[in-house]
Amino acid sequence: MDLGVTERVKPLIEAVRRMIEEDIAPLDAEYHAEVGKAFGGGRFALTERQLEILTTLKAKARERGLWNFWLTDSEKGYGLSTVEYAYLAEEMGKVRLAAEIFNCSAPDTGNMEVFERYGSPAHKEKWLKPLLEGEIRSAYLMTEPDVASSDATNISMSAVKDGDHWVLNGEKWWASGAGDPRCKVYIVMTCSDPDAEKHARHSMFVVPADTPGIEVLRPMEVFGHDDAPHGHMHIRFTDVRVAEEDLILGRGRGFEVAQGRLGPGRIHHCMRAIGQAERALEMLCKRALTRTAFKRPLADLGANHDIIANARMEIEMARLLCLKAAWMMDTQGVRAAQPWISKIKVVAPLMATKVVDEAMQIHGGAGISQDYPLASMWTNLRTLRFADGPDAVHRRQIARAELRKYTNEKR
C-alpha cells in the first residue's frame, strides 16, 4: 500500500502551496470582506472587485497548469490517483478561496463527476464543458426540510411522468452554491417510483437553474451566517417541467448516481479538513510562542504542550486514514471503499474541529473574531459533520460492516 507523495505529484504540491501562500491567501480576506457591497445586488451578488480577484487568480492557475486536479481516471484531467489528489486537496483546504481558484471546489467537482460518468453527450457539451472551464457554478439538491434526509430513501420530491417531460414538485434545502449568481444548473434527487423497492424509487435530473417554477425561498444560515455569496438555499419546485433527456442514467437509478458522486466528494471534504487542521495548528503554535501571560510564553502555560502534541498526533492519524480510504477507492472501487470513506468522514471533521477549537482558545477573544479565520473554519468543519451524511449514519454503516464479520445475518 503506497500512500506516499509520488514524483508526479511532488512538483504540483509545491506549485499549489506556493500559489496559495503568495497569491491566494493575501486576497482571501479582501474577497470575503466584499460580501454585501455589490450595488443593488444584495449579499449574493458579486462585486467588481470580487470578480477581478477570481478572474485574475484563475487565469494565473490556468497559466501555470494548476487546474482540474480532482478529475481522476479521465483524459480531461491530470490522470492523478485519489491518493495523489489528497495531498493537493489538503493544501487547498488551508485557505477558503483556494479550491475554487484551481477549479476544485464543491459542489462543482461532484456534479462534474456526475456529468463525466453518467451524463449524455448533450449534458457534457452544455454543462460539463463550461464547468470544467470554470465559467459557471452548479448546485446539488438532495436534502429536504420535511423528511429525515439522513436516510436518503426518505427523499420525497415528486417526479411524475407527463408525456416527454417529468413534472417536479417539492422543496429542497441546504442547496450549497445555489446562492451564487454564477450557478446555472442543479442536479436534483427526486422520488419517481414511490412503490418500488427502496433503492429503485429515486431518479436524478439535470435542471437548469432558470427553469420556470423554481423559487429560491431563502438562504439558510449556518450559526447565524448566510455564507454569501456561495449560500445554502431553500428552494421550492412548483410544477417544474424537465425534459426526458435530462433524466440521468435512467429511471429509478438515482441511488446509483448518488453513490458514484458522494464517494469521491466525501474524501475530498476530508482532505480539505486535514488542511484546515494543519493551518490551525500552525496558528496555534505561532501564537503560543509569541504571546506571553504571567511572564511566560503561552506555550509553557497549562497543558499547552499536551494540546500541541495531541493535535499533531491526531492530524497524522487522520491523514493516514484518509489516504487509505483514497487508496481503497483507487484500487478496489467506490463500493469496497465505502466503509473506509465512512470512517474518515467521521474522524476528519471531529479531529479538525477539535484542533481549530484549541487554536481559538489560545488566541483568546481574537480567536472567535473576524480578525482571524478560525471561527469561520470551525463553523465550516462543524457543518461538515452533517454534509454528505451525519456522523451517526456513517457510524451505523461502519458498525454493520464490522458485525457482518461475525454473523451470517444480513445487516
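Values reported hereafter were calculated over all heavy atoms of this structure, with side chains retained and with hydrogens, waters and symmetry mates removed. Position 1 is the first residue of the sequence; numbering continues from there.
Within the structure, side chain to side chain donor-acceptor pair (under 3.5 Å) pairs that include any residue of residues 369-378 comprise Arg287-Tyr372 (at least two apart or interchain).
Summarising the local packing, CG of Leu3 is surrounded by more than 12 heavy atoms from other residues, nucleotides or ligands at distances under 6.0 Å.
Both tests hold for Arg261 against Tyr140: distance to the six-membered ring centre under 6.0 Å, angle to the ring axis within 45°. By the 6.0 Å and 45° rule, Lys343 stacks over the aromatic ring of Trp340.
For Lys60, the salt bridge (charged side-chain N to carboxylate O under 4.0 Å, His left out) partners are Asp23, not counting sequence neighbours. Checked against salt bridge (charged side-chain N to carboxylate O under 4.0 Å, His left out), Lys354 has the following partners two or more places apart in sequence or in another chain: Glu314.
When Val207, Asp162, Leu168 are each tested for a side-chain contact (heavy atoms from CB on, under 4.5 Å) with Arg241, only one passes: Asp162. Evaluated for a side-chain contact (heavy atoms from CB on, under 4.5 Å) with Ile235, the options Val188, Leu141, Leu217 yield exactly one hit, Leu141.
Ring centroid separation for the pair His268 and Tyr85 comes in under the 6.0 Å cut-off.
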Determine, stepwise, if the pair Gln397 / Arg400 fulfils side-chain hydrogen bond (donor to acceptor under 3.5 Å, both in side chains). CA-CA 5 Å; Gln397 294 302 104; Arg400 291 172 71 191; 3.1 Å; yes
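Ion pairing of Lys94 with Glu21 is absent here, as no side-chain N (NZ or NE/NH1/NH2) approaches a carboxylate O to less than 4.0 Å.
Side-chain N/O atoms of Thr238 and Glu215 include no donor and acceptor closer than 3.5 Å.
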